[in-house]
Amino acid sequence: MEYNFLRIEEKWQKYWAQNNIYKTEIDESKPKYYVLDMFPYPSGAGLHVGHPLGYIASDIYSRYKRLNGFNVLHPMGYDAFGLPAEQFAIDTGQHPEITTEKNIKRYREQLDKLGFAFDWNREVKTCSPEYYKWTQWAFIQMFCSYYCKDAQRARPVSELMEIFETEGNSRINAACTEEIRFTADEWKIKTEKERQEILMNYRIAYLADTMVNWCPRLGTVLANDEVVNGLSVRGGYPVEQRKMRQWSLRISAYAQRLLDGLETIDWTEALKETQRNWIGRSEGAEIRFGIADSNESITVFTTRADTIFGVTFMVLAPESEYVAKVATPVQKAEIENYLNSVKRKTERERIADRKISGVFSGGYAINPFSGEKIPIWISDYVLAGYGTGAIMAVPAHDSRDYAFAKHFGLPIIPLIEGCDTSNESFDAKEGIMTNSGFLDGLTVQEAIRKAKEYVRENELGTVKVNYRLRDAIFSRQRYWGEPFPIYYRDGMPYPIPENELPLHLPEVDKFLPTESGEPPLGRAKDWTYDGYRIELNTMPGFAGSSAYYLRYMDPHNTEALVSKKANEYWKSVDLYMGGIEHATGHLIYSRFWNKFLYDLGYVVESEPFKKLVNQGMIQGRSNFVYRINGSNTFVSKGLKDNYDVSELHVDVNIVDNDILDTKRFKRWKPEYETAEFILDSDGEYHCGWSVEKMSKSLYNVVNPDDIVVTYGADTLRLYEMFLGPLEQSKPWDTKGIDGVHRFLRKFWRLFHSDGEFYVSDEPATDSELKVLHRTVKKIRSDIESFSFNTSVSAFMICVNELGDLKCNKKQILEPLTVVISPFAPHIAEELWRMLGNKTSIVNASFPKHDENILIENSFEYPVSFNGKTRFKLEIPLSADTDEIREKVLNNAQTQKFTEGKEPKKVIVVKGKIVNVVI
RNA sequence: GCCUUGGUGGUGGAAUUGGUAGACACGCAGGACUUAAAAUCCUGUGAGCAGCAAUGUUCAUGCGGGUUCAAUUCCCGCCCGAGGUACCA
């Protein structure tokens, strides 16, 4: 019987689905293991061959764990809210739900063909009301909570109100938007609206006027991680800064815990480092500088308190509130001018335009250490959003201040002995202080400490830790997202009662903003609760993906996001597989979301993802043809330099091994029908190639469905793993797939003789057993270290050796089938049944290897003299190092080399004589 | 700039963490089977030198040093690529 992969794969996929083979339930008798993939956004383009890489790897791991006796949770779902479906809806009028459902169906078909062990009973879609009910629920919990800095956790806002009632807020140490102080008596006489405004200051999900990334083209605000280089990640449209009233999540309150949590989880150092940088902790001090001839002062943040004697000017961000306080009438016009020019620039222009600009405010400040009077400037190199929006400039030791000082001719005072600041600043934190009053003679590190102490003792400011991490902007002016369960009364937001969730996304006539500029939900009829207007914004993409891993544990629960029982059993994700691109978005939001729910006691683990593996991207490998300019003649790569040619992308599917199928090329596009070719000397047309993103427009997309039809899913799975290390990005190149396919056919043939199934019950020989046990050992350690590429090699070696031994014995082949099954589940299942087993191979157990079988009785030891192998010596393997040494010394050949002298050394490593030094 | 990664044959990549560098696969070359093709199988394949040959020998893991009997692996200094981040004070 031939290896008919199409028949086999179809048969077992059907069997697995019909018999619910991968359905998972809580089973207290087994240890649990939770393997999660980052769920996909179902895009209209479908899956290309790069998408399933991570799914295959996690599938192998989850099957392996199951074979080792674990109760494995391995679910899949869809991150279904998102901009592309909505943009498509705007263009075509088709409801995003229809587009999304269609895409999901297509994804499911493609995924099903690859033989994954997903428990589809647990499927979630973020756009379904049963699911987003819990996204809305979580939002209400955040709305009703504040972050207590003393307890370092979230607590209910109701508790806060009780304290205000009895003692005001003087004792409250909470994360808030703005510091305000009031007594109990003051609280009592406040109106409901005033009270709500104060509470808003504390809520973890809060409404505030904040600087946001506004994307006019998308008509919505975006979070920081959704903007790259001043352009939106989706669509690549310009983004500008704007002050708007928006929902935000007080994620900054969790900065330290998000940082500390990284120490407890098994992620790569690179990823942890990316998160550390994003959180951006910096230790320093806030120091007050008095404004000359005024009672007011400016507070700056600095990590270099030691350099305060070198402050020669101050700089305010253009948006800073201090600007109005220090501006003098004389300078007014010039300042206005500057502020306007800054405001006109978009974020992107501001980044692109690194020209030094600024304006003198007219005001002066007093250096609190030296008492000197220093000018205050305004410049956009200082950011309003970080620290206090004002800095003390130390041009000698900060390159940005240096450039500014040089440009405007401001003085530069060096503070470190022997440093040269004539051409550039000296930014390093090393050296001995000078020109610095009481700090003179100290090292920089000592001076930083001492200056901070001085600040604290003399009440010039406070020692402070700053974080770069901003609160997450949580509202979007779009249609296709979760509606906020919030209504407005007297201008203030109130939550819709939890028992009335979900709040369904309403129907609208168009998916565009209203004529008055309100978000699309402004078009919904009766968009009210109890007669009050409901929030018109929707939630951002990351809302639905922040807690989906919890929902998989208990996806049909109508009473809770996840039941206590399910959460206590599954706890957290043991292995999370996904792309690195979510390092500063999803992977921060999820950790925050989880910590928040942990604070409230809804989940038992403080970190959601114990181990995380980033699979690399699969890039496309593009092919090129060379057209002679002004003609329809194409010249092969080897001869192209003799002509004036243009390089054109050609569909990789009509190129084999970089050789163009010229007949298919002519049929590819009408304009090439009359194409002529100048071939290389071997009579072939050779194409050029390069590695690029896999994309339709570059004609380098390879569709998994096509591969499955030609080679089968098992071959595709093996080949994707064989391509290279899992975590490394690599180009897809179909040409190597034959080797892997050949391996599967050889494996199949081991079970057959003269075309008929034939496996003998004879006992295996020592060498056959050795092949099996070596393979088992190797695969086990490879899977545990995610080295799937070397696993495939090990299989190939194993099958080649068994082929040479003509081994077709059940004793060897049966366990080997189990070992291969995580990689190639269909063929393994088929052979497993042919071997006479009654139940699915997924219920088998992964074989163990026997070290005793692996050890040989004796070994030919290479004996090297001064680094060169001279002869081999047979010594029993049981011999210890001293015995080996003895043998070598007494050997006649050794004595020939040493000329009877005693060798200096015999070096034995792991039972091997690697060198004898004479 | 900073942080994180990598750099090994014609190609993708191995190397049990200091112990025979190049496993496995692709490609290429030659051969077997076949009327022929496909499929399959076998052999060879880092480079140089010597030899009819078996084989011997030298050089090779981005570059330059160092430690060691022994370095792709450890240390120091450079060069190049990829990813992240960027007026974060």
Atom [atom1], compared across [N] and [M]: separation rounded to whole Å:
N	M	atom1	result
rC41(B)	rG48(B)	P	31 Å
rC2(B)	rG9(B)	C1'	36 Å
rC63(B)	rU72(B)	P	11 Å
rG12(B)	rA71(B)	C1'	25 Å
rA14(B)	rG66(B)	P	31 Å
rG19(B)	rG10(B)	C1'	30 Å
rC78(B)	rU85(B)	P	27 Å

Task: Of D733(A) and P725(A), the one whose closest RNA chain B nucleotide lies more 5' - done: D733(A)
Open item on the list: Using heavy-atom distances to pick each residue's nearest nucleotide on RNA chain B, tell me which of S282(A) and G724(A) is more 5'.
Closed with: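 The 5'-side residue here is G724(A).
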If we call it a pair only when both distances are under 3.5 Å in a Watson-Crick or G-U wobble match, what pairs with [N]?
N	answer
rA89(B)	none
rU67(B)	none
rU35(B)	none
rG81(B)	rU5(B)
rC52(B)	none
rU43(B)	rA29(B)
rU16(B)	none

Any idea which of [options] is nearest the [X] side chain?
X	options	answer
D380(A)	rC41(B), rA89(B), rC87(B)	rC87(B)
Q728(A)	rU4(B), rU40(B), rG13(B)	rG13(B)
E273(A)	rU85(B), rU4(B), rG13(B)	rU4(B)
L383(A)	rC87(B), rU85(B), rU4(B)	rC87(B)
F722(A)	rG12(B), rC3(B), rA86(B)	rG12(B)

Open item on the list: So if I take residues 788-797 of chain A and measure heavy-atom distances to RNA chain B, which residues fall below 4.0 Å?
Closed with: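 Output list: N789(A), T790(A), S793(A), M796(A), I797(A).
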Open item on the list: Does the Lys NZ or Arg CZ of R468(A) fall within the cation-pi geometry relative to W278(A) - under 6.0 Å from the ring centre and within 45° of the axis?
Closed with: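 R468(A) over W278(A) ring: yes.
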Open item on the list: Does E424(A), at its CD atom, have more than 12 non-hydrogen atoms belonging to other residues, nucleotides or ligands within less than 6.0 Å?
Closed with: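 Not buried by this count: 12 neighbours or fewer within 6.0 Å.
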Open item on the list: For a quick check of understanding: with a heavy-atom distance under 4.0 Å over all strands, which category does I391(A) fall into, base, sugar-phosphate or nothing?
Closed with: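 Counting heavy atoms under 4.0 Å across all strands, the contact made by I391(A) includes a base.
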Open item on the list: At 4.0 Å (heavy atoms only), tell me whether K272(A) reaches a base, stays on the sugar-phosphate, or touches nothing.
Closed with: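 Here K272(A) touches no strand at all.
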TODO: Test E2(A) against R745(A) for salt bridge (Lys or Arg N to Asp or Glu O under 4.0 Å), laying out the working first.
DONE: CA-CA 9 Å; E2(A) 264 299 289; R745(A) 303 179 83 103; 2.9 Å; yes
Task: Smallest separation among heavy atoms of S320(A) and G389(A), with atom names - done: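 Taking S320(A) first and G389(A) second, the nearest heavy atoms are CB-O, 3.9 Å.
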TODO: State, yes or no, whether a side-chain contact exists between Q615(A) and E727(A) at a heavy-atom distance under 4.5 Å.
DONE: no
- [ ] List the steps, then state whether side chain to side chain donor-acceptor pair (under 3.5 Å) holds for D427(A) with Y402(A).
- [x] CA-CA 10 Å; D427(A) 291 14; Y402(A) 185 87; over 6 Å; no
Open item on the list: Let's go through F404(A) and F313(A) carefully: what are the C-alpha distance in whole Å and the side-chain angles of both, what is the deciding distance for ring pair (Phe, Tyr, Trp, His ring centres under 6.0 Å) to 0.1 Å, and is it a yes or a no?
Closed with: CA-CA 10 Å; F404(A) 193 81; F313(A) 57 101; 5.6 Å; yes
TODO: May I ask you to decide whether E801(A) forms a salt bridge with K770(A), counting only side-chain N to carboxylate O separations under 4.0 Å?
DONE: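 Salt bridge: no.
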